[in-house]
Amino acid sequence: MRKVVFSILLLMSLSANAQQRQISYVETSSSGSWYHVYDTNGKKITTLAQQSVGELIGWSAEIIVTKSGSWYKILDPQGKTLKTMSEQTLGTVISVSGNTFTSRSGNWISIYDKTGRKISSRPAN
């Protein structure tokens, strides 16, 4: 019984640790076809195919933003899509920081969280 409980706790700990990995940098392969995502220890978290996720727009320790056609994807450090949003809705993504990203649409600048919820907006002027 103790072995089973210990095993469950160990698996839960490993799972929680994997979810907490933060992105240190994203390297583009020489061919430009792959994005290699590394954590703060320099260990590779995942490799993403450019054909699948689109063009790399930016990243922070917590999210990656890519664009494919007129669609933006917000990805977690493991490459799982958290949200897909249209360029028509967002405008142009201009920066990524923490668990938020900033976009400009016309004369407005808006900040969104990683779930795609608008946090705030202000005039761009």
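What's counted below: heavy atoms across the whole structure, side chains too, no hydrogens, waters or symmetry copies. No experiment lies behind these values; they were computed from the predicted model shown.
Summarising the geometry, atom CD1 belonging to I111 is positioned 11.0 Å from atom NZ belonging to K118; distances are rounded to the nearest 0.5 Å. Distance check: E55 CD to T28 OG1 gives 10.0 Å after rounding to the nearest 0.5 Å. Expressed to the nearest 0.5 Å, how far CD1 of I45 lies from CD1 of I64 amounts to 7.5 Å. Here I23 contributes atom CD1 and D39 contributes atom CG; the two are 10.0 Å apart, rounded to the nearest 0.5 Å. Considering OG of S121 and CH2 of W108, their distance stands at 7.0 Å, rounded to 0.5 Å. The line from CD1 of I94 to CG of L90 is 11.5 Å long, rounded to the nearest 0.5 Å.
The shortest non-hydrogen separation linking T66 to I57 is C-CG1, 3.9 Å. Y112 and T89 get closest at one heavy-atom pair: OH-O, 4.0 Å. Shortest non-hydrogen contact noted between Y25 and W59 is CA-NE1, 3.6 Å.
The shortest side-chain heavy-atom distance between P77 and Q22 does not fall under the 4.5 Å cut-off. Looking at T47 and V37, their side chains never come closer than 4.5 Å, going by heavy atoms from C-beta outward. Side chains of K73 and M85 form no contact here, defined as non-hydrogen atoms less than 4.5 Å apart. Contact of the V96 side chain with the S60 side chain is registered, since non-hydrogen atoms from C-beta on lie closer than 4.5 Å. Contact annotation: the side chain of Y72 never approaches that of F101 to less than 4.5 Å [non-hydrogen atoms, C-beta and beyond]. In this structure the side chain of T115 never reaches within 4.5 angstrom of the side chain of K83, judged on heavy atoms.
Using a 4.0 Å cut-off between charged nitrogen and carboxylate oxygen, D113 and R117 count as a salt-bridge pair.
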Derivation of the side-chain contact (heavy atoms from CB on, under 4.5 Å) call for I63 and D76: CA-CA 5 Å; I63 60 173; D76 70 6; 6.0 Å; no

CA sep, side-chain torsions, deciding dist, call: S70, Q88, side-chain contact (heavy atoms from CB on, under 4.5 Å): CA-CA 8 Å; S70 61; Q88 185 176 6; over 6 Å; no

T81 and I74: CA distance, side-chain angles, deciding distance, side-chain contact (heavy atoms from CB on, under 4.5 Å) verdict: CA-CA 6 Å; T81 301; I74 296 80; over 6 Å; no

Candidate pair T100 and S97, rule side chain to side chain donor-acceptor pair (under 3.5 Å), full reasoning: CA-CA 5 Å; T100 65; S97 179; 5.2 Å; no

CA sep, side-chain torsions, deciding dist, call: Y35, V53, side-chain contact (heavy atoms from CB on, under 4.5 Å): CA-CA 9 Å; Y35 302 124; V53 297; 3.9 Å; yes

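With a 6.0 Å radius and a threshold of 12 heavy atoms from other residues, nucleotides or ligands, K44 has its NZ atom above the threshold.
With hydrogens and angles disregarded, no donor-acceptor distance shorter than 3.5 Å links the side chain of S68 to the backbone of G54.
Under the 4.5 Å side-chain heavy-atom criterion for grouping Ile, Leu, Val, Met, Phe, Trp and Tyr, Y38 is connected to L75 within one hydrophobic cluster.
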